[in-house]
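Bear in mind the structure is a predicted one, so any value in this text is a computation, not a measurement.
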Amino acid sequence: MSFDFFASTLPDTGFYCIGTLNPAGGFKHRWFDNKEKAYEHALYMDETGETVYFAQGSFKEPTNRKSENAAHFCTFFLDIDCEIGRAHV
């Protein structure tokens with residue numbers, strides 16, 4: 001992924017969250033106050049073999065990804081999870 005694409009999907013202000021899978025379950029979150037540092041960390045984690053996720057918006061505080069902490073979004077997206085044979089609500 002190029003920096004231009006990464007930066008274009010994120011707002012210009014707030015804290016940015018990069019996540020990797022935690023072997024014990026859930027995610028490990030790292031927080032950054034600028035896009036460049038977040039991007040560099042995401043690339044580094046990918047190079048070490050981690051599966052990397054990034055939050056689509058920015059946050060007021062570098063604490064959690066709960067909706068109350070969401071600050072800004074500049075993209076419209078859908079997150080659709082599907083599994084054969086299992087109904088999702």
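Between K66 atom NZ and N64 atom CG the span is 5.5 Å, to the nearest 0.5 Å. In this structure, F3 CZ and L43 CG are separated by 10.5 Å, a value rounded to the nearest 0.5 Å.
In this view, F32 and I18, R30, K37, A38, H41 satisfy the side chain to side chain contact (heavy atoms under 4.5 Å, CB included) rule, not counting sequence neighbours. With sequence neighbours excluded, the residues that form a side-chain hydrogen bond (donor to acceptor under 3.5 Å, both in side chains) with D12 are K35.
Shown here for T75 and T9, the closest heavy-atom pair between the two residues is CG2-O, 3.4 Å. Heavy atoms only, all atoms of each residue included: D33 and F15 are closest at CB-CE2, 4.0 Å.
Ring geometry, H29 versus F27: the interplanar angle falls under 30°, so the pair is classed parallel (tilted spans 30 to 60°). Ring-plane geometry between F6 and Y39 is classed as tilted, the angle between the planes lying from 30 to 60 degrees on a 0 to 90 degree scale.
Remark: side-chain polar atoms of N69 are paired, donor with acceptor, to backbone N or O of E61 under 3.5 angstrom.
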Enumerate donor-acceptor pairs with a distance under 3.5 Å from any side-chain N or O in residues 49-60 to protein atoms, sequence neighbours excluded.
from	atom 1	to	atom 2	distance (Å)
S58	OG	T13	O	2.6
K60	NZ	E68	O	3.0

